[in-house]
Amino acid sequence: MTARIDHLVTSGTFSLDGQTFDVDNNVWIVGDDSECVVIDAPHDASVIADAIGDRRLLAVLATHAHDDHVRVAPELADRFGAPILLHADDLPVWRLTHPGRSPERELKDGDVFTVAGTDLRVLHTPGHSPGAVCFYAPELETVFTGDTLFHGGPGATGRSFSDFGTIIDSIRDRLLTLPAETRVLTGHGESTTIEEEAPHLEEWIARGH
């Protein structure tokens, strides 16, 4: 039996470079009735905890360290006795929000995290931030892209720690090479598929942002 995917939306703010914006964030919980992982922990630990229930939380997996994706990660992790996992290249971003706390483990490209018998493969996809990653679950025909790829194009690259050329390379080389039917579950907004987004790569490059 493969894992299932539960979906929450939580609301709060995103702050960087002296600006603050209201945002709605997707939270993805992957697992079964006994164990799970949480992909990103944005704004409200209690809401996420309620969705976890009495399951064992194996880890809080961070797609990247912007504050609207990790703000309640320590609170949630401590509540369930679970580790926080983040790519090391995003530690400078993480410290903007949690200067006194470090993630317990580093995510590395190629790592495989297994939950409820289902593998989540770590794809390092820098660009939106240096340590941005996606989690690919082949058995679920799903990739969790955080803010790297959305319905309609790449994540934002106009702020500190980001680079447009790098995110385009990540999307082209790491995501658009996945099977066409792969569902793309994003950090914000609606889901999409690799098949739906792939034809638009050159448009995004021409747009340049």
State, to 0.1 Å, how close V70 and A62 come at their nearest heavy-atom pair, and which atoms those are. CG1-CB, 4.0 Å
Are L57 and V72 linked, directly or through intermediate hydrophobic residues, by side-chain heavy-atom contacts shorter than 4.5 Å (ILVMFWY only)? yes
For a quick check under 3.5 Å, do H200 and E197 share a side-chain donor-acceptor pair by atom type? no
Between CD1 of I29 and CD1 of I39, what distance do you get to the nearest 0.5 Å? 10.0 Å
Would F113 end up clustered with V30 when hydrophobic side chains under 4.5 Å apart are linked, directly or stepwise? yes
Beyond-backbone contact of H188 with N25, side-chain heavy atoms, under 4.5 angstrom: yes
Is there a path of hydrophobic side-chain contacts, each under 4.5 Å between heavy atoms of I/L/V/M/F/W/Y residues, joining F161 to W94? no
Restricting to non-hydrogen atoms, name the atom on S191 and the atom on W28 that form the minimum distance, rounded to 0.1 Å. OG-CH2, 4.1 Å
Is the shortest side-chain N to carboxylate O distance from R55 to D6 below 4.0 Å? yes
Check ion pair R121-D119 (N to O, under 4.0 angstrom): no
Other residues, nucleotides and ligands only: do more than 12 of their heavy atoms fall within 6.0 Å of CD on E195? no
I'd like to know if the side chain of H98 and the backbone of G100 have a donor-acceptor N/O pair within less than 3.5 Å. no
So, does D90 use its side chain to make a donor-acceptor pair with the main chain of A65 at under 3.5 Å? yes
Report the distance from atom NE2 of H43 to atom CG of D68, rounding to the nearest 0.5 Å. 5.5 Å
I want to check something: taking the side chain as every heavy atom from C-beta on, are V133 and L123 in contact at a cut-off of under 4.5 Å? no
Do I84 and P74 come close enough that some side-chain heavy atom pair is under 4.5 Å? yes
Separation between NE2 (H124) and CG (D111), nearest 0.5 Å, reads 12.0 Å
With a 3.5 Å distance limit and no angle check, can you tell me whether T182 reaches the backbone of L178 through a side-chain donor-acceptor pair? no
Are the side chain of T114 and the backbone of T118 linked by a donor-acceptor contact shorter than 3.5 Å? no
Are F135 and L107 side-chain neighbours, meaning at least one heavy-atom pair lies under 4.5 Å? yes
Taking it one step at a time, do H69 and D147 satisfy side-chain hydrogen bond (donor to acceptor under 3.5 Å, both in side chains)? CA-CA 10 Å; H69 290 257; D147 288 3; 3.0 Å; yes
Atom of Y136, atom of P138 and distance for their closest heavy-atom approach: O-CD, 3.3 Å
Between D40 and V38, the two heavy atoms sitting closest are O-CG1, 3.2 Å
Check for a donor-acceptor pair, side chain of D32 on one end and backbone N or O of E35 on the other, with a separation under 3.5 Å. yes
Parallel, tilted or perpendicular: which one describes the rings of H64 and H66, with boundaries at 30° and 60°? perpendicular
So does R101 have more than 12 non-hydrogen atoms from other groups sitting under 6.0 Å from CZ? yes
Is it possible for you to say whether F164 and L175 belong to one hydrophobic cluster, with membership spreading through side-chain heavy-atom contacts below 4.5 Å? yes
Would you mind reporting whether I171 and L176 have side-chain heavy atoms less than 4.5 Å apart? yes
Using the rule that Ile, Leu, Val, Met, Phe, Trp and Tyr join whenever any side-chain heavy atoms are under 4.5 Å apart, tell me whether V37 and V122 fall into a single cluster. yes
Between the side chains of D109 and R174, is the shortest nitrogen-to-carboxylate-oxygen separation below 4.0 Å, so that they form an ion pair? yes
Would you give me the side-chain donor-acceptor pairs under 3.5 Å for residues 7-16, sequence neighbours excluded?
| unit_1 | atom_1 | unit_2 | atom_2 | d |
| --- | --- | --- | --- | --- |
| H7 | NE2 | N26 | OD1 | 2.8 |
| S11 | OG | D24 | OD1 | 2.6 |
| S15 | OG | T20 | OG1 | 2.7 |

For the side chain of S170 and the backbone of I168, is there at least one donor-acceptor N/O pair under 3.5 Å apart? no
Heavy-atom closest pair (P92 atom, D89 atom, distance to 0.1 Å) is CD-O, 3.6 Å
Using side-chain heavy atoms (C-beta onward) and a distance below 4.5 Å, is V60 in contact with L85? no
P42 to I48 - nearest heavy-atom pair and separation: CD-CD1, 3.9 Å
Student check: side-chain heavy atoms of L86 and L91 closer than 4.5 Å: yes
In Å and rounded to the nearest 0.5 Å, what is the CG to SG distance from L149 to C134? 7.5 Å
salt_bridge(R172, D169) N-O dist < 4.0 Å: yes
Has S162 got a side-chain atom pairing as donor or acceptor with T157's backbone, closer than 3.5 angstrom? yes
Side chains of L120 and V112 in contact at under 4.5 Å (non-hydrogen atoms): no
Can you tell me if T193 uses its side chain to pair, donor with acceptor, with the backbone of E196 under 3.5 Å? yes
Could you tell me whether a side-chain N or O of H151 sits under 3.5 Å from a main-chain N or O of V184, the two making a donor and an acceptor? no
Hey, does the side chain of E106 reach the backbone of H87 with a donor-acceptor pair shorter than 3.5 angstrom? no
Straight-line distance of E181 CD to R183 CZ, nearest 0.5 Å: 11.5 Å
